[in-house]
Amino acid sequence: MIIKTVDNVQEAVNGVKDGMTFMLGGFGLCGIPENAISELVRLNVKNLTCISNNAGVDDFGLGQLLHKKQIDKMVSSYVGENAIFEKQMLSGELDVELIPQGTLAARCQAAQQGFPAIYTPAGYGTEVAQGKETREFDGKMYVLEKAFKADFAFVKAWKGDKAGNLIFKGTARNFNPVMCGSATITVAEVEELVEPGELDPNQIHIPGIFVQRIFEGKNYEKRIEQRTVRQKA
Amino acid sequence: MALDKNGIAQRIAKEVKDGYYVNLGIGIPTLVANFVRDDIQVEFQSENGILGMGPFPFEGEEDADLINAGKQTITALPGASFFDSATSFGMIRGQHVDLTILGAMEVAENGDIANWKIPGKMVKGMGGAMDLVASAENIIVAMMHTNKAGESKLLKRCSLPLTGVGCVTKIVTNLAVIEVTDEGFKLLERAPGVSVEEIQQATEGKLIVEGEIPEMKLG
């Protein structure tokens, strides 16, 4: 067994520097690495490139990094919930690369699994495909999309063990598993960290080989972006 | 009388068949789930990572770890499953999802669709729309026939940046049900009380009218 635990979030983000590229898990505010983001805000690392499906809201998630102007470039599929983002994008302070959501996942997974690039039909015939190699397979057109390269991946899981094995909960899984092992160093924060052997190996979603550092996070807010309910009849 | 958004959703619900896995986009498509017959087996997929999506939770039962692609709190029905984003788009790209229903700003008579970007306005992104339209075999667009300025949204060629090319199979609007064919927009049904002439006037692209066009049946 190889133990991956670090004592706290400070140790978990050790080595982050200005100008680095980070992957951050989550869809909207669901399943985001809250502890790592707070620490990156505190460290005030700058000129970052962040690969993440969304960009948070004004005062939560990646919005906190945007607020302190720590991000130079965002690579995302949808960024519509954030006024700070809009302001920085329109003023030219923030560079934004919008890519299809499935392509974002595939480029993460390609990095994880050692594929230099993948072909996808998404975006063919649109501005997303401009300047990219295209190719026909069995009468259908595809776009060549390259694997991402990143320095750190910050992911959030529900439960994990000290060997780095991870289990996710509900739709908080989203991009987290495909970012594990897709960067030089993968940092996993979990709500509950247990001893090796306590998690059933049959139920592991991500094996610890894809994780370099794991710690139990604190004070999860788990904010809900669109609270929708129905009335009891 | 032209349909309202619920009417469009109600008509589209009739396209949802027994045994279908269905992806619903944001807006009118989301309403379709309210009108699907309860005597057929259907599972709704949300591309952020759930199959077997259920209705909104009761107050006090919301779970921050359980949302749909519109970031709304939802529930999971018996038989539901959760998965990561690569698996989710794998089932879309691999054509395991039977039907995709989404909104649009413009559709062209060749099946091109534009629904993500208006030049000069804040661009929010395409989300999963480009993956969905590039992969699905059965794509129904739910939208109003004209925009707020009264201009047709069914065009010879899209004027806005495209989301996908040659992909839309059917369009259900407040005025009509239209099939996208190699020859152009083929009129299948009229909204109750709407004439073929009204539909013709609201359609900029080539509208094919063959024989008597029946009124939609919603129930």
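The chains referred to below are lettered A, B, ... by the order of the sequence lines, with proteins before strands, and numbering in each begins at 1.
Heavy atoms closer than 4.5 Å to chain B are found nowhere in A:Phe168, neither backbone nor side chain. Only the side chain of A:Gln109 comes within contact range of chain B, with at least one heavy atom under 4.5 Å from a heavy atom of that chain. A:Val128 touches chain B through its side chain: at least one heavy atom from C-beta onward sits under 4.5 Å away, while N, CA, C and O do not. For A:Ile99, the part sitting under 4.5 Å from any heavy atom of chain B is the backbone (N, CA, C, O) and nothing else. Contacts between A:Met141 and chain B at a heavy-atom distance below 4.5 Å are absent for every atom of the residue.
B:His145 and B:Ser152 share no donor-acceptor pair across their side chains, judged by distance under 3.5 Å alone. Residues B:Gln45 and B:Ser88 have side chains that bring a donor and an acceptor to within less than 3.5 angstrom of each other. For the residue pair B:Asn6/B:Asp4, the side-chain donor-acceptor check at 3.5 Å is not satisfied. Side-chain polar atoms of A:Ser91 and A:Glu93 form a donor-acceptor pair below 3.5 angstrom.
When B:Ser46, B:Pro57, B:Gly166 are compared by the number of non-hydrogen pairs under 4.5 Å with chain A, B:Pro57 comes out ahead. Here A:Pro121 is the residue among A:Cys108, A:Ser76, A:Pro121, A:Ala172 with the most heavy-atom pairs under 4.5 Å with chain B. Between chain A and the options B:Gly49, B:Ala134, B:Gly125, B:Ser85, the largest number of non-hydrogen pairs under 4.5 Å is found for B:Ser85. When each of A:Asn53, A:Asn174, A:Asn176 is checked for heavy-atom pairs under 4.5 Å with chain B, A:Asn174 comes out on top.
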Discussion item. Salt bridge (charged side-chain N to carboxylate O under 4.0 Å, His left out), that's the test. Do B:Lys156 and B:Glu204 meet it? Break it down for me.
Written reply: CA-CA 6 Å; B:Lys156 287 188 192 309; B:Glu204 189 227 74; 5.3 Å; no
Item to complete: Might you work through the salt bridge (charged side-chain N to carboxylate O under 4.0 Å, His left out) test for A:Glu191 and A:Lys159, ending with a clear yes or no?
Response: CA-CA 6 Å; A:Glu191 290 178 53; A:Lys159 290 180 182 176; over 6 Å; no
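Aromatic ring centroids of A:Phe27 and A:Phe175 lie 6.0 Å or more apart.
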